[in-house]
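Report on one structure; see the data block that follows.
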Amino acid sequence: MDNELRLEQERLNRVIETITDQIGKLENEAGQRRKEVIHIRKHFWDDVKVNTDTFDDYLETIIGLRQQAQALSVSQLTHKHSFNRLSILRRMHETPYFGRIDFIDEGASTAENIYIGLSSLTDPSGENFLIYDWRAPISSIYYDYPPGPAEYVTPGGVVRGSLEQKWQYIIRGGAIESLFDTSLTIGDEILQHVLGKSTDKHLHSIVATIQQEQNRIIRHDRGRLLIVHGAAGSGKTSAALQRIAYLLYKYRDRLKADQIILFSPNAMFNSYVSTVLPELGEENMQQVTFQEYLVHRLSGEFQIEDPYDQLEFVLTAEHDPSYQIRSASIGFKTTTRFFDAIKTYRQSLELSGMIFKGIKFRGKLLISAQEMSERFYNCDTSLRFHNRIEKLTEWLIKRIDETEKLEMTKEWVQEEIELLSNEDYQKVYAHMQKQRGFTKDMINYEQERRLLGRMIVRKKLKPLRKWVRALRFIDFTGIYKQLFADSVQIEGKAPEDWEDICLLTMKMLNEGKLFYEDATPFLLLKELIQGFQTNISIKHVLVDEAQDYSPFQFEFLKRLFPSARMTVLGDFNQAIFAHASEMVDFHTLNDLYGPDETDTINLTRSYRSTKPIVEFTRKLVPGSKGITPFERDGEKPMLTQLSNRIELHRSIAAKVADLRKQKYNTIAIICKSAKESAAAFEALSSVEEIKLVKSGSKEYEQGVVVIPAYLAKGIEFDAVIIYDASVQVYGNESLRRLFYTACTRAMHYLYLFSVGNPSQFLVNASEEGVIQTEIN
C-alpha cells in the first residue's frame with residue numbers, strides 16, 4: 001500500500017504541475033482579454049464614423065456600429081470563459097480529483113485508469129485526459145456500480161465493460177491524506193469525514209460524495225416531470241443543484257443558466273444555495289420565491305399578504321373570531337376544485353358578467369362601462385373570447401382617435417398653446433420637418449395652430465391609449481369580487497362555510513388587500529381573461545420544498561412555463577403550511593403531465609444528522625419508519641424540563657456558551673413562530689452576537705440565531721436548540737410536522753427545553769429511550 005500511495009502521490013504532483021502551468025497561461029490570457037475589453041469600450045466611438053446624410057452613409061454607420069459591438073461581445077465572452085476556467089483550475093489546484101475507477105472496455109485487455117474531479121483536464125498535448133469531469137458519461141460508473149459488470153451511456157450508444165477497482169481520495173494542500181479501495185459507491189470513511197465537519201453559511205457541492213440514488217436524480221433525463229420525495233437531510237436539494245450543473249454540461253450547446261429557474265422557499269435560502277453552481281464552474285440560475293413572482297405581477301393592484309404572515313396567523317391566532325373561517329378559506333382556495341371553478345367562471349364570462357371601467361378625459365366620461373359591455377356582448381359571439389377583447393380594444397382606441405380630432409379646436413387647447421415655451425415650438429417644427437418634410441417657412445398661422453393643438457391633445461391622450469392597450473379598462477378586481485358575490489358561481493363545489501368565506505374575502509378586497517390564498521387564483525383569472533403571459537424561454541423549473549405549494553399553484557406553474565421540464569423536491573413530513581392536507585403525497589402531481597411523462601425517486605437515507613438524532617426524529621411523525629440513518633455516531637438528543645422562563649433563558653444561554661467553546665459555527669434557537677422568536681430574542685439579548693432571523697432576511701448568517709421553524713426549512717445547523725417544546729406551545733396535533741421540521745435541522749447536537757410538561761409528540765421517543773431527559 002505504501003508503494004501504491006507513493007506512485008499516486010507522484011502522479012498527483014504531475015497533475016498539479018499541469019494545473020499550475022495552465023493557471024499561469026490563463027492568467028496572462030485573461031489579463032490580455034480584459035485589456036481588450038477595456039480598450040474597445042474606451043475607444044468604441046473612435047473607430048465608428050457616424051454619418052446620416054444619405055442612405056448609404058447611414059447604412060455604413062450601422063454596419064460599423066454592428067462590427068464594433070460584435071468585437072466587444074467576442075472579447076467579453078472570451079474573457080468570461082477564461083475567467084471561469086481560471087476559477088475552476090484554482091479550486092482544482094487544492095483538490096484535483098476525488099475518485100478513480102479502473103475500467104476495462106468490452107473487448108479490451110487492459111484497464112484504463114479514470115480519475116474523476118470537478119472538471120476535465122488534459123495533458124499539455126491535449127490528447128490524453130488526466131482528469132474526467134464528474135458529469136462525463138464514463139464518470140457515472142463511479143457513482144452507480146460496485147466492481148463487476150458496468151456500463152455507461154454516451155451519445156453514440158451504450159458502452160459496456162468491467163469495473164475492476166474503485167478508489168476514493170482525500171487530498172489536502174497537494175498531498176494525499178487518505179486513499180480508500182472500496183466496493184461501495186462512496187465509502188463511509190469519506191462521508192464520515194465530510195458530514196462530521198462543522199457547517200457554514202452556504203450549501204456546498206457534493207460531487208465527491210454523491211450516492212447512487214442521488215446520481216439517479218442528477219442524470220435523470222426523460223419525461224416532463226421528475227418528483228423527488230426525500231427525507232429530511234437526504235440531500236435532495238444538493239442533488240437537484242448538481243442536476244442543474246449536469247444539464248448545463250450535457251446540453252451546453254442549447255441550454256443556458258438564465259433558461260433555468262428555481263422557486264425557493266425564501267430569500268435567505270437563495271443566499272444559502274448561491275455558491276453551489278459557481279463552485280462547479282457554472283453560472284447561477286434564476287432564483288425567485290413564488291411570493292416575489294406574485295408581487296411582481298400584482299403589487300400595483302393590491303397589498304399582497306406574505307405566505308409567512310398567513311402561516312403566522314394559522315400558528316398564533318387560534319382565538320381570533322375569524323380563525324375558523326380563514327382556515328376554511330385557505331383550505332378551499334388552494335385546491336384543484338377551486339382551480340376548476342375559476343376556469344368554469346371564466347368560461348361563463350363569454351355570455352355575461354364582464355365588468356369594465358368607464359374611460360374619462362379631463363374629468364368627463366368619454367366611454368361608459370355600459371357601452372363597453374354592450375359592445376363586447378353584441379359583437380360576433382363566434383369569435384374567441386380573447387379576439388373579442390382585441391376587437392373591443394381596437395374600438396376604444398378608435399374612439400380615442402375621434403376624441404383627439406374633436407378636442408384639437410377646443411378652447412382649453414388654444415389656452416395651452418399660448419402657454420407653450422419657445423422650446424416646445426422648436427420641438428413641433430423639428431417633428432414636422434422630420435415627419436412631413438415641412439420647413440418653418442412652409443407653415444402658415446392656421447397650420448401652426450393646428451399642429452400645436454394636435455401635439456398638445458396627443459400628449460394628453462397618450463397615457464389613456466397606453467392604459468387601454470394594457471387592458472386596464474377591464475375591472476379584474478370587480479370580476480373577482482363577483483365570484484364571491486354570486487354563490488351560483490361555485491355551486492356544487494363550495495365548502496359549507498362559503499358565505500362566510502365570501503364576506504371575509506370581500507372585506508379584504510374592499511381594503512385593497514389580497515389574502516395569500518387569493519393571490520394565485522386572482523392572477524389565474526386575470527390571465528385567463530387577458531391571455532396567459534407564458535414564459536417559453538424557461539426550459540427547466542425547479543420547485544424546492546414542494547410540499548409547501550398548493551395543487552392550485554402547481555397547475556398555475558405548468559401553464560406559466562409551457563416549454564419547461566420540471567423537477568419537484570419535497571418531504572411531506574415537513575408539510576407545515578395550512579393547505580398541506582390537500583397534498584397528502586405527490587400522487588396529485590402525476591396529473592400535471594400524466595404518468596407517462598412523470599418519474600418519482602424516493603430518498604430514504606438521511607445524511608444530515610447523526611444516527612441518534614435521526615432515530616429520535618423518526619419517532620415524531622407517522623410513516624417515517626422507512627427513513628434510514630447514516631452510520632454517524634453522536635449524542636442522543638437531550639430534553640430538559642424546567643419550571644419557569646427565567647430558568648429556561650439561563651439554561652439556553654449556558655448551552656450556547658458551551659457549544660461556542662466547542663467552535664461550532666452555526667447554532668439555531670428554533671421557535672414555533674415569529675412572535676415566539678421575537679420574545680425569545682429579547683429575553684436572550686445578553687447572549688453575545690445573537691441574531692434574530694425574520695421573514696424578510698436576505699442572507700443566512702453564521703453564529704447564534706433565533707429563528708421561526710418555518711424559516712429554517714432547507715437549512716442545517718451544527719446544533720439546534722428547541723426553545724420551548726412544551727405541551728403549551730406544541731399541544732395541537734396540527735403542529736407535529738412543524739415540530740419535526742425544527743428538530744431535523746440539527747447536524748451534530750439537538751437540545752430541547754420545555755417549560756412545564758413536554759409536548760405529546762415526545763412520548764414515543766421518551767418511552768423508547770431515544771432521547772435523554774432531565775428535570776431541573
Side-chain angles (χ1 to χ4, degrees), residues 293-294 296-302 342-408 410 413 435 453-483 485-486 489 509 512 514 519-537 556 559-562:
Y293 174 76
L294 291 174
H296 169 68
R297 294 295 307 277
L298 297 174
S299 60
E301 300 174 57
F302 293 103
I342 294 284
K343 290 196 296 182
T344 301
Y345 176 48
R346 208 298 280 147
Q347 290 166 1
S348 74
L349 296 176
E350 298 189 11
L351 299 176
S352 66
M354 283 291 287
I355 304 174
F356 301 100
K357 301 175 186 175
I359 297 177
K360 292 183 178 181
F361 181 62
R362 290 179 54 78
K364 294 182 179 179
L365 187 66
L366 281 185
I367 310 162
S368 70
Q370 181 65 30
E371 283 182 271
M372 292 186 215
S373 183
E374 289 173 0
R375 182 82 185 182
F376 183 78
Y377 285 112
N378 289 335
C379 79
D380 186 357
T381 53
S382 65
L383 288 174
R384 294 177 61 205
F385 186 80
H386 299 130
N387 294 131
R388 290 161 68 184
I389 289 177
E390 287 175 12
K391 289 283 186 183
L392 180 59
T393 305
E394 291 169 7
W395 178 72
L396 292 173
I397 293 294
K398 192 176 293 184
R399 289 285 299 269
I400 292 172
D401 292 341
E402 292 169 1
T403 300
E404 180 182 307
K405 293 175 184 177
L406 292 172
E407 294 288 324
M408 279 171 49
K410 289 193 176 177
V413 179
Q435 296 294 322
R454 177 180 294 169
M455 181 199 75
I456 288 168
V457 176
R458 186 162 290 177
K459 186 176 181 181
K460 295 285 186 183
L461 287 171
K462 185 177 180 180
L464 197 55
R465 285 190 173 95
K466 186 177 180 182
W467 189 82
V468 169
R469 289 194 174 100
L471 305 184
R472 300 287 295 278
F473 60 89
I474 300 175
D475 187 355
F476 294 106
T477 303
I479 295 170
Y480 191 66
K481 282 182 182 179
Q482 190 172 248
L483 182 63
D486 185 358
Q489 300 291 357
L509 291 171
L514 207 59
T520 311
F522 178 87
L523 185 55
L524 173 68
L525 179 60
K526 185 177 181 181
E527 298 285 76
L528 290 173
I529 291 172
Q530 68 182 9
F532 233 93
Q533 295 186 30
T534 56
N535 188 329
I536 60 173
S537 65
F556 183 82
R559 284 158 177 77
L560 181 61
F561 302 108

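- The shortest heavy-atom contact between Leu349 and Phe376 is O-CE2, 4.2 Å.
- For the pair Ser373 (side chain) and Ala369 (backbone), a donor-acceptor distance under 3.5 Å is absent.
- Remark: Leu392 CG to Ile367 CD1 distance equals 8.5 Å, nearest 0.5 Å.
- Few gaps surround CG on Leu406; more than 12 heavy atoms of other groups in view lie less than 6.0 Å from it.
- For the atom pair CE (Met408) and CD1 (Ile456), the distance works out to 10.5 Å, reported to the nearest 0.5 Å.
- Separation of atoms CD1 (Ile342) and CG (Leu483) is listed at 5.0 Å; rounding is to 0.5 Å.
- Annotation: Lys357, atom NZ; neighbour count of heavy atoms from other residues, nucleotides and ligands within 6.0 Å is above 12.
- Put simply, the side chain of Arg388 gets close to the backbone of Glu350: a donor and an acceptor are under 3.5 Å apart.
- Shown here is Lys343, whose NZ atom has more than 12 heavy atoms of other residues, nucleotides or ligands within 6.0 Å.
- Summarising the geometry of Ile529 relative to Ile389, their closest heavy-atom pair is O-CD1, 3.1 Å, with the distance given to 0.1 Å.
- The CD atom of Glu404 sits 12.5 Å away from atom NZ of Lys462, with the distance rounded to the nearest 0.5 Å.
- The structure places OG1 of Thr477 at 10.0 Å from CD1 of Ile355, a figure rounded to the nearest 0.5 Å.
- Tyr293 and Phe556 have tilted rings, their planes meeting at an angle from 30° to 60° on a 0 to 90° scale.
- With hydrogens and angles disregarded, no donor-acceptor distance shorter than 3.5 Å links the side chain of Gln530 to the backbone of Leu471.
- Counting only distance, with no hydrogens or angles, the side chain of Tyr480 and the backbone of Lys526 share no donor-acceptor pair below 3.5 Å.
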Please test Leu560 against Thr534 for side chain to side chain contact (heavy atoms under 4.5 Å, CB included), starting from the C-alpha separation and ending with a verdict.
CA-CA 5 Å; Leu560 181 61; Thr534 56; 5.8 Å; no

For Arg469 and Arg465, run side chain to side chain contact (heavy atoms under 4.5 Å, CB included): C-alpha distance rounded to whole Å, both residues' side-chain angles, the deciding distance at 0.1 Å, then the answer.
CA-CA 6 Å; Arg469 289 194 174 100; Arg465 285 190 173 95; 3.7 Å; yes

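- For the atom pair CG (Leu461) and CZ (Arg454), the distance works out to 12.5 Å, reported to the nearest 0.5 Å.
- For the pair Phe385 and Met354, the minimum side-chain heavy-atom distance is below 4.5 Å.
- Judged by the 6.0 Å and 45° rule, Arg375 forms no cation-pi pair with Phe356.
- Lys364 and Glu407 are not joined by a salt bridge, as no carboxylate oxygen comes within less than 4.0 angstrom of a charged side-chain nitrogen.
- Under the 3.5 Å distance criterion, the side-chain polar atoms of Gln533 are left unmatched by any main-chain donor or acceptor of Glu527.
- Contact check for Arg399 versus Glu402: side-chain heavy atoms found under the 4.5 Å cut-off.
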Going through the distances and angles, do Leu509 and Phe522 end up as a side chain to side chain contact (heavy atoms under 4.5 Å, CB included)?
CA-CA 11 Å; Leu509 291 171; Phe522 178 87; 5.5 Å; no

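- Side-chain atoms of Glu301 never come within 3.5 Å of backbone atoms of Leu298 as a donor-acceptor pair (strictly under, hydrogens ignored).
- Smallest separation of non-hydrogen atoms from Leu528 and Arg346: O-NE, 3.3 Å.
- Looking at Tyr345, its side chain does come within 3.5 Å of a backbone N or O of Ile479 through a donor-acceptor pair.
- Enclosure of atom NZ in Lys460 is not indicated, since only 12 or fewer non-hydrogen atoms of other residues, nucleotides or ligands lie within 6.0 angstrom.
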Test side chain to side chain contact (heavy atoms under 4.5 Å, CB included) applied to Ile359 and Trp467, step by step
CA-CA 10 Å; Ile359 297 177; Trp467 189 82; 3.7 Å; yes

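- Annotation: Arg472, atom CZ; neighbour count of heavy atoms from other residues, nucleotides and ligands within 6.0 Å does not exceed 12.
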